[in-house]
Each structure stands twice: as C-alpha cells, then as structure tokens.
Amino acid sequence: MNPIQPEIDERYLNAPEEEIIAAIAARRGELGDRLLILCHHYQQEAVFRFADLTGDSLKLARLAAGRDNPWIIFCGVHFMAETADMLTGPGQKVILPDLRAGCPMADMATADEVEEAWEDLAAADPDAKIVPVTYVNSSAAVKNLVGRRGGSVCTSSNARQVLEWAFSQGDKVFFFPDEHLGRNTSLAMGIPEEKIVRWRRGEADGGNSAAALRRARVVLWDGYCTVHMQFQPAHVEYWRKKDPRIRIIVHPECRHEVVRLADDYGSTERIITAIEESPAGSHWAVGTEINLVKRLADLHPDKEVHSLSPFQCLCSTMYRIKPGYLLWAMDNIARGEEVNRITVDEETAKGARMALERMLEIS
Ligand code: 13P
Ligand code: SF4
C-alpha cells in the first residue's frame, strides 16, 4: 500500500468537530449523486453518520459495484478500497480519505513473501495439489497470486464454503493471512488439529518439518488482527460468572480458545443480525471492534450490549478516517481534484478479480 498521506490544511485538523460536521453536511448536499459514501461498521460515529451505505468489507464492495456514482469515498481500510476499485466500473473513482488507513493483518503477508512460501511448500510436498485461499483482508497483489494459481478469496462469512470448495479442488489448502479465521473454520469443519500447521513467516519451511507439511491438510499463515487478538478466554469466564444470562458472540478473527468458549461467532454482519434478532431484554458480550459494539448498544436500548473485553479494542487504522479527512476529500471532489485515489493496475486486477469472482460463484 502507499503509506504517503499528503499533508492537509491545519483547519481540517484543528477546527471544532461541530464545524467540520456542519461543513460535511453542506458538501454532502452539494455533491448529491456525484458522490457515494461507503462506511465499514468499525468507523467512528462522526463519520458513520454520513454513510450512504454500510456493511462488512465485501458487502460494501458489492454495493459499490451496483452503483454508477462517479466518486466513491471509502471510509474503511486500504484493501477494502482496492476491492471496491476492482469491482466498480472504469468511470468510478475510489477515494480513501487517509492513506494511512491500512490493515496491519493484510500487511503481514506481502505478495513476495506469499510467493516464496508457496514455492517452498510446493517443494516440500511435490505430489500434493495445493489450493491457495486468501482472506479478503489482503492486498490486491496477494489476491492476484491466488487467482492465477486457481484459488479463491474468502470473507469471514463464507470461509467455510470456500474451504469446502478448495478441498473439492485439491489435497491441501494454503490459507493466509489470518491464522485464526483459518483455524476456526478448519476445526469447525472437523479437520483434526494435527493436520493443521502454522506457517511462521521468516522461517525456513515456515518452521515445519517436511513430514509435517506433507501430513497437513491446512497450512495457516501466522498473520493476525491486533484488535481481535486482545480478547482472551478470561474475558469469557468473567462474563459467565458475572451474568448467567449473557450470550457471547465473537468475530472469527479471535483466537480459537475464545471462539470455542463463545455461544456464537461470525462476521460483523452476522454479529449485527444476531443482536437485532434477539428478543428484548437479551444480554450480550461482543468480541469485536469497539465502535461497532458501542453502536449496537445505542441501537438496542432494550438489550444489554457490552464489549467482551474491559479494554477499548479499537481498530486504530480504521480510526484514522476522521471527519476532517472526510471533509478534505469532499472539498477536493467539489473542486474536481483527485486526492487519495486507490487504483489497482489492470495486470494485478485481472488475477485478483479471478479470485474474487471464484468466491462470488462459490458463495
Ligand atoms: P468483516 O468482513 O466481518 O466486516 O471484517 C472485516 C475486518 O476487518 C474485521 O476485522
Ligand atoms: Fe485489520 Fe483487524 Fe482493523 Fe479489521 S480490525 S481492519 S483485521 S486490523
């Protein structure tokens, strides 16, 4: 990703938030259908309130693909804006208000590292047909590699369907970058623990013996989400003791020790639906990013909704999309100036689209 965020005028950073919010509202009206604002569920409220469409990463990209607004501001992280660019038409420009809004997990697997690991794994088990699967939280360059090698993208809502498909295509799955989504899904499918191995970045053969790699059905890259890793089994125990009515729901990026103790798990969309559909008076402890948990608590005053962790599990890169940056991007659009446009070159997009389209067919 391009980490170089241009400096923006001081007034976008220092003006009182109410002034910035009023200016965004005025610009929003002025730009009308020329602009579509997409917000991921983890966005802070001051930005989320301006969303035309909200959703998880994939839903947002699909929604954008069905629209023809020439400008799209993506309030989310870099890989989401790349996916939107690849699924939208050539006349649509995707803008990320702050280029520093990357996903640390996606950055844990570069295309070069994945390529090298792929070759090492193939050499360790030359007779196996290996199918690559990448979580949507990955760069377009990684998706491109996967597409060209006959693999697929997956999201946290369709990981199981994609893994089942992958096993219908080959003997072994190489899954990246999120170890935990891969492990939780594999275990839920009944794959025994001893057939799931971890690929440690930077170590020869991922730190595994050739025999372990040959035996494995799933090889998991050791990437992780810094936010979801903060949830611990002790938090589950705390809530179980404190409130016998509590239901615990977590995102599958949480470690397996947490997921197996929870009552339910799923993508951000799944978490939202589970809470929406629960009867009034339900008690929930939710293991995901704090902006979403707070919003769910506000939206459901007839239910108790708490964060599973007593600490604020904030996605600090999502949080970089501050109202001032949103206004700056909108002011530039109003002047017809392109800032922070996210584009994927056609060669990369070709392979990456294959991997995305495979996922769409499977799910
Ligand atoms: P969802 O696709 O479930 O919204 O997850 C995206 C993400 O980055 C979660 O950490
Ligand atoms: Fe990446 Fe985790 Fe933030 Fe999601 S919550 S964007 S996986 S760092």
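Excluded from the calculations below are hydrogen atoms, water molecules and symmetry mates; all remaining heavy atoms, backbone and side chain alike, are included. Counting begins at 1 with the first residue of the sequence. It should be emphasised that the depicted structure is a prediction, and the values quoted were computed from it without experimental measurement.
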Item checked: Trace of the side-chain contact (heavy atoms from CB on, under 4.5 Å) decision for R353 with E346 -> CA-CA 10 Å; R353 272 195 214 102; E346 204 32 55; 3.1 Å; yes
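- Atom CG of residue L326 and atom CD of residue Q44 lie 10.0 Å apart, to the nearest 0.5 angstrom.
- Note on L31 and I21: same hydrophobic cluster, where clusters join Ile, Leu, Val, Met, Phe, Trp and Tyr whose side-chain heavy atoms are under 4.5 Å apart, directly or indirectly.
- K172 contributes no side-chain N or O that, together with a main-chain N or O of A128, makes up a donor-acceptor pair within less than 3.5 Å.
- Here R27 pairs with E30 in a salt bridge; the nearest charged N to carboxylate O distance falls below 4.0 Å.
- Although no hydrogens or angles enter the test, the distance criterion places a donor-acceptor pair under 3.5 Å between the side chain of N340 and the main chain of L96.
- Between the side chains of E269 and H41, a donor-acceptor pair is found at a separation under 3.5 Å.
- Ring pair W118/F174 is parallel by interplanar angle, where below 30° counts as parallel and above 60° as perpendicular.
- By the neighbour-count criterion of 12 heavy atoms within 6.0 Å, atom CG of D9 is densely surrounded, having more than that number from other residues, nucleotides or ligands.
- Counting heavy-atom neighbours within 6.0 Å of E17 CD, excluding the residue itself, gives a total of 12 or less.
- Between the CD1 atom in I248 and the CG atom in D263 there is a gap of 6.0 Å [rounded to 0.5 Å].
- Taking a cutoff of 4.0 Å between a charged side-chain nitrogen and a carboxylate oxygen, R341 and E338 qualify as a salt bridge.
- Side-chain polar atoms of E113 and T110 form a donor-acceptor pair below 3.5 angstrom.
- Rounding to the nearest 0.5 Å places CZ of R34 at 10.5 Å from NZ of K93.
- By the 4.0 Å N-to-carboxylate-O rule, K350 lies too far from D345 to be salt-bridged with it.
- No donor-acceptor pair closer than 3.5 Å links the side chain of T348 to the backbone N or O of V344.
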Next item on the list: Please step through side-chain contact (heavy atoms from CB on, under 4.5 Å) for the pair I72 and I95, ending with a clear verdict.
Entry: CA-CA 6 Å; I72 295 168; I95 307 295; over 6 Å; no
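- For the pair D178 (side chain) and E253 (backbone), a donor-acceptor distance under 3.5 Å is absent.
- Side-chain heavy atoms closer than 4.5 Å link hydrophobic residues (I, L, V, M, F, W, Y) into clusters, and following such links, possibly through other members, connects L145 to W221.
- Ring centroids of H300 and W284 are separated by 6.0 Å or more, keeping the two rings apart.
- With I73 as reference, I333 is the one residue of D52, I333, V47, I321 to meet the side-chain contact (heavy atoms from CB on, under 4.5 Å) rule.
- Looking only at atom types and distance, the side chain of Y319 has no donor-acceptor partner in the side chain of N291 under 3.5 Å away.
- When side chains are defined from C-beta on, L181 counts as touching F175, because their heavy atoms get closer than 4.5 Å.
- Classification of D98 and K322 as a salt-bridged pair fails, no side-chain N sitting under 4.0 Å from a carboxylate O.
- Distance check: S156 OG to H228 NE2 gives 8.5 Å after rounding to the nearest 0.5 Å.
- No more than 12 heavy atoms of other residues, nucleotides or ligands shown are found within 6.0 angstrom of CZ on R67.
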Next item on the list: Given salt bridge (charged side-chain N to carboxylate O under 4.0 Å, His left out), test R201 with E116 step by step and report yes or no.
Entry: CA-CA 10 Å; R201 284 166 285 156; E116 204 180 309; over 6 Å; no
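- Under a 3.5 Å cut-off, the side chain of N184 and the backbone N or O of R255 do not form any donor-acceptor pair.
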Next item on the list: Check the pair D264 / R247 against salt bridge (charged side-chain N to carboxylate O under 4.0 Å, His left out), numbers first and verdict last.
Entry: CA-CA 8 Å; D264 199 356; R247 283 192 58 75; 5.0 Å; no
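- Judged purely by atom type and a 3.5 angstrom limit, Q92 uses its side chain to pair as donor or acceptor with the backbone of N69.
- Going from atom CE of M318 over to atom CD of E289 covers 7.5 Å, rounded to the nearest 0.5 Å.
- Hydrophobic cluster membership is shared by V219 and I130, with clusters built from Ile, Leu, Val, Met, Phe, Trp and Tyr side chains linked at under 4.5 angstrom.
- K294 places no side-chain N or O within 3.5 Å of a backbone atom of S307 that could act as its donor or acceptor partner.
- Pairing each heavy atom of P6 with each of L99, the nearest pair is CD-CD1, 4.3 Å.
- Within the 4.5 Å cutoff, no side-chain heavy atoms of V197 are placed close to those of V218.
- In the model, T288 has a side-chain atom that pairs as donor or acceptor with a side-chain atom of Y42 under 3.5 Å.
- Minimum heavy-atom separation, F167 to R217: CD2-NH2, 3.1 Å.
- There is no path of hydrophobic side-chain contacts, each under 4.5 Å, that joins L60 to F48.
- Taken to the nearest 0.5 Å, the CZ atom of R11 stands 11.5 Å off from the CG atom of N14.
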Note to self: Evaluate L163 against W165 for side-chain contact (heavy atoms from CB on, under 4.5 Å), listing each step before the verdict.
What the structure shows: CA-CA 5 Å; L163 279 196; W165 165 85; over 6 Å; no
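- Counting only distance, with no hydrogens or angles, the side chain of N158 and the backbone of Q161 share no donor-acceptor pair below 3.5 Å.
- The two atoms that bring G76 and H40 nearest to each other are CA-CB, 4.4 Å, heavy atoms only.
- Nearest approach of H251 to V259, heavy atoms of both residues: O-CG2, 4.2 Å.
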Next item on the list: Decide yes or no on side-chain contact (heavy atoms from CB on, under 4.5 Å) for T317 and R100, but give the supporting numbers first.
Entry: CA-CA 7 Å; T317 50; R100 294 166 299 181; over 6 Å; no
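- Between the side chain of E82 and the backbone N or O of H78, no donor-acceptor pair lies under 3.5 Å.
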Next item on the list: Could you give me the CA-CA distance, side-chain angles and deciding distance for E179 and R183, then say whether salt bridge (charged side-chain N to carboxylate O under 4.0 Å, His left out) is met?
Entry: CA-CA 6 Å; E179 175 183 344; R183 185 179 307 282; 2.8 Å; yes
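- The shortest heavy-atom contact between V227 and C313 is CG1-O, 3.7 Å.
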Next item on the list: For the pair R295 and E45, evaluate salt bridge (charged side-chain N to carboxylate O under 4.0 Å, His left out) and give the outcome as yes or no after the intermediate values.
Entry: CA-CA 8 Å; R295 188 170 307 117; E45 215 46 49; 2.8 Å; yes
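- The number of heavy-atom neighbours closer than 6.0 Å to CD of E193, taken from other residues, nucleotides and ligands shown, is 12 or below.
- For the residue pair A23 and L327, the shortest heavy atom distance occurs at CB-CD2, 3.7 Å.
- E203 and N208 share no donor-acceptor pair across their side chains, judged by distance under 3.5 Å alone.
- Using a 4.5 Å heavy-atom cutoff, the side chains of R28 and L35 are in contact.
- Residues M354 and F176 are members of separate hydrophobic clusters, defined by side-chain heavy-atom contacts under 4.5 angstrom among Ile, Leu, Val, Met, Phe, Trp and Tyr.
- Side-chain N or O atoms of N332 include none that pairs as donor or acceptor with a backbone N or O of A329 at under 3.5 Å.
- Between Y325 and W328, the ring planes are perpendicular. Angles over 60° get that label, and only those under 30° would be called parallel.
- Residues P132 and T134 are not in side-chain contact: their nearest non-hydrogen atoms beyond the backbone lie 4.5 Å or more apart.
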